[in-house]
Amino acid sequence: MLRKLHMLSIELIRKDLKRVEEGLKKRGDKSDLSALLNLDEQRRSILKKIEELRFQRNNASDEIGKLKREGKSAEEILGQMKGVSEEIKKLEGEIALIENEEDNILLTLPNLPHESVPEGRDEIENVEIRKWGEIPQFSFEPRPHWEIGEDLKIIDFQRASAIAGARFALLKGKGALLERALINFMLDLHTTEHGYTEVLPPFMVNSKAMTGTGQLPKFEDELFKLERDRYYLIPTAEVPVTNIHREEILQEEALPLYYTACTPCFRREAGSYGKDTRGLIRQHQFNKVEMVKFCKPQDSYDELEKLTNNAEDVLQRLGLPYRVVLLCTGDMGFSSAKTYDIEVWLPAQNTYREISSCSNFEDFQARRADIRYKSAKGRTEFVHTLNGSGLAVGRTLVAILENYQQEDGTVIIPEALRGYMGGEEKIT
RNA sequence: GGAGAGGUGGCCGAGUCGGCCGAAGGCAGCUGCCUGCUAAGCAGUUGUGGGGGUAACACUCCACCGUGGGUUCGAAUCCCACCCUCUCCGCCA
């Protein structure tokens, strides 16, 4: 009966119901907590009975043991205990059902927003925090990346759909090289200058890992699942990397831990039919360099700022204009307490599009995944986890094609990448 | 895929024919004593989760020896299923 799987702890709900209710309301979550509290009360009352009976049984068993050793008869107590055990079994059956129901509710409650998060219903109420870079001016009509890419013969959507279907792409020649250059550039930057340790995790994970970071049980529809082998394809490196330390107690001196990983990400994109159907923006498979942090609770908001800056650094070095947006309560992901999105400028769409999402999950994922640390005071506490894209590689490639496009259809390679592309300056 | 070995506390490791085993012993850690300092030595201490209780401690009860079931008054110890790790063979990047 190890009941540690709590995203929002039942204790918090019990002791500070108001705070939890307000938090959920701000998010627009309509969960009914009274049913949950009711279950919890039932659970505890049965637990109390069970523990009393077990106490009785333990005492009796000790007694029987003693009598037997002394060679005396224990028939009398033996008969009485038979019924007690059956009663315990019955109650254990009842409590298991209740716990199950309780956990099912708890696992679907989202994280509570941090106080600095603006209240709002959807992305319209997100708040722009800062802008960077000059929006490029073109003497011609800027073209969308899919046209540029197809004309340069570096992206082939037709053949990709023959191989797999819609929402897949085939990169060729300089296109594939550019993707690889971006990956290496980003990983090198994070490992050598930002202090991250590179990892290369499994791209398939089990359901425990998915539950740990919050994808399950609520968002199963968005995942690719391998039915026969009970694995899921990761929708982001966040899942395997955060779960590196699942069920561990870390040493305080080891914190903070910074990891970076480049993995493919697999998303079903259910419910986004008709959205971004052309181009590389919304694919079933794309590469992403991810940054993941584990830290002490008191540090996590500083770490979030740093993490966001690390992602911004990639765009600055590539010379891509962007803005940072603070997501409002209604637009945040399920597990997050606070999220900054970084949006890159896309000339053909004449707008900013998300290229990174940096979140502080506080102890939400740590509770689910049971990741703790031993503090100086000798207490074991949950760590805080954070992660952010640094960056989504496919969308970065899109941004480069569109922002660096020339009138003759060629694309200038940003200086920072040239070393990774054999010194070439242009894709022709 | 086939054959075998194993999963015990921070680590190593013991658990006899089921009964003071939450678990010997060692290491590491912490606290005293000793010591010019360090080392050694001596004594004590050190798991996790939950319920009750407290202002908070204290205290107390329950559970936890890979996971889930079963047998039994009672299981780390017996039975069943599953998971994982390791070794060998086969196949394979």
Side-chain angles (χ1 to χ4, degrees), chain A residues 1-16 36-103 106-107 200-212 226 228-232 240 243-255 257 264 363 366-383:
Chain A
M1 241 182 288
L2 279 172
R3 308 192 66 251
K4 301 195 264 196
L5 272 189
H6 296 147
M7 52 331 312
L8 288 180
S9 76
I10 186 69
E11 294 80 37
L12 178 65
I13 297 172
R14 225 189 280 147
K15 285 179 185 147
D16 203 349
L36 181 65
L37 286 170
N38 208 345
L39 282 170
D40 190 56
E41 214 164 291
Q42 283 182 50
R43 193 197 104 237
R44 278 181 300 150
S45 108
I46 295 175
L47 184 61
K48 212 168 168 180
K49 281 187 213 157
I50 290 177
E51 291 191 346
E52 275 164 20
L53 290 173
R54 279 180 184 155
F55 182 55
Q56 274 183 41
R57 188 182 66 185
N58 289 348
N59 284 338
S61 292
D62 286 351
E63 199 55 37
I64 292 168
K66 254 180 228 158
L67 290 174
K68 287 234 166 155
R69 253 173 281 136
E70 291 165 13
K72 293 179 188 161
S73 161
E75 287 304 317
E76 207 178 320
I77 322 181
L78 237 120
Q80 292 166 4
M81 281 308 108
K82 187 88 185 167
V84 172
S85 274
E86 274 161 19
E87 178 69 8
I88 291 174
K89 229 164 241 179
K90 197 189 112 211
L91 290 172
E92 281 174 343
E94 285 176 28
I95 207 168
L97 288 176
I98 291 172
E99 281 178 355
N100 212 327
E101 223 178 308
E102 197 178 335
D103 283 346
L106 279 167
L107 284 168
L200 186 58
F203 303 158
M204 292 188 264
V205 300
N206 57 33
S207 63
K208 259 191 176 176
M210 284 291 187
T211 306
L226 293 111
R228 189 172 165 186
D229 301 290
R230 77 198 189 296
Y231 289 126
Y232 294 85
N243 278 285
I244 287 176
H245 295 296
R246 192 171 76 210
E247 287 168 42
E248 269 189 58
I249 299 177
L250 301 161
Q251 291 302 310
E252 184 172 24
E253 310 86 73
L255 299 175
L257 285 166
D363 65 4
R367 283 178 185 281
R368 292 180 159 238
D370 195 19
I371 307 167
R372 294 169 292 172
Y373 79 103
K374 205 158 210 128
S375 74
K377 290 162 261 165
R379 301 185 74 90
T380 25
E381 296 178 51
F382 289 108
V383 300

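Reckoned from all heavy atoms, side chains included, excluding hydrogens, waters and symmetry mates. Below, read A as the first sequence line, B as the second, and so on, with proteins coming before strands; counting in each chain starts at 1.
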Atom C1', compared across rC62(B) and rG22(B): separation rounded to whole Å: 13 Å

Phe203(A) atom CZ, neighbour heavy-atom count above 12 within 6.0 Å: yes

Atom C1', compared across rG13(B) and rU67(B): separation rounded to whole Å: 23 Å

Ser85(A) side chain near rG74(B) phosphate (N/O to OP1/OP2, under 4.0 Å): yes

Sugar-phosphate only, base, or nothing, as touched by Lys49(A) at under 4.0 Å among non-hydrogen atoms: nothing

Pairing residues for Ser45(A) by the side chain to side chain contact (heavy atoms under 4.5 Å, CB included) criterion, not counting sequence neighbours: none

Lys/Arg-Asp/Glu bridge criterion (N-O < 4.0 Å) met for Lys208(A), Glu247(A): yes

Value in whole Å for how far the P atom of rG29(B) lies from CD of Glu253(A): 13 Å

C1'-based separation of rG69(B) from rC12(B) [nearest Å]: 32 Å

Presence of salt bridge, Arg372(A) and Asp370(A), under 4.0 angstrom: yes

Residue mapping more 5' on RNA chain B - nearest nucleotide basis, Phe55(A) or Arg230(A): Phe55(A)

Lys66(A) NZ - rC20(B) P separation (whole Å): 11 Å

Between rG15(B) and rC65(B) - C1' atom distance, rounded Å: 10 Å

NZ/NE/NH1/NH2 to OD/OE distance under 4.0 Å, Arg44(A) and Asp40(A): yes

Under 4.0 angstrom between Asn58(A) side-chain N/O and rG74(B) OP1 or OP2: no

Atom-pair distance (CG on Leu12(A); P on rG50(B)), nearest Å: 14 Å

Between rG51(B) (C1') and Gln42(A) (CD): distance, integer Å: 17 Å

Under-4.0 Å side-chain N/O to phosphate OP1/OP2 contact, Lys374(A) with rU48(B): yes

Between rA58(B) and rC37(B) - C1' atom distance, rounded Å: 40 Å

Of the listed nucleotides rA63(B), rG51(B), rU71(B), the one nearest the side chain of Arg54(A): rA63(B)

Spacing of Ile50(A) atom CD1 relative to rG52(B) atom P, expressed in whole Å: 14 Å

C1' spacing across the pair rA24(B) / rC34(B), given as an integer number of angstrom: 29 Å

Short side-chain N/O contact to rG49(B) OP1/OP2 from Arg372(A), under 4.0 Å: yes

Least distance between heavy atoms, Ile371(A) atom then Arg246(A) atom: CG1-CA, 3.9 Å

Partner set under side-chain hydrogen bond (donor to acceptor under 3.5 Å, both in side chains) for Glu248(A), not counting sequence neighbours: His245(A)

Same-atom distance (C1') from rG19(B) to rU87(B), integer angstrom: 38 Å

Most 5' of Gln56(A) and Arg44(A) on RNA chain B, judged by nearest nucleotide: Arg44(A)

Atom-to-atom span, CZ of Arg57(A) to P of rC61(B) - whole angstrom: 16 Å

rU71(B) phosphate, OP1 or OP2, under 4.0 Å from Lys89(A) side-chain N/O: yes

base_contact_polar (rG52(B) base, Glu51(A) side chain, donor-acceptor, <3.5 Å): no

Where Asn243(A) and Ala209(A) come nearest, the two heavy atoms and their spacing: ND2-O, 2.9 Å

Between rG9(B) and rA14(B) - P atom distance, rounded Å: 13 Å

Nucleotide rC64(B), atom P - distance to CD of Glu247(A) in whole Å: 18 Å

Interatomic distance, Ile88(A) CD1 vs rG69(B) P [rounded to whole Å]: 15 Å

Nucleotide-level pairing of RNA chain B, given in dot-bracket where Watson-Crick and G-U pairs need both distances under 3.5 Å and | marks other strands: ((((((((.[[[..)...(.....]]]((((((.......))))))((((((......)))))).[[[[[..)....]]]]])))))))....

Short N-O contact, Lys374(A) and Glu253(A), less than 4.0 angstrom: no

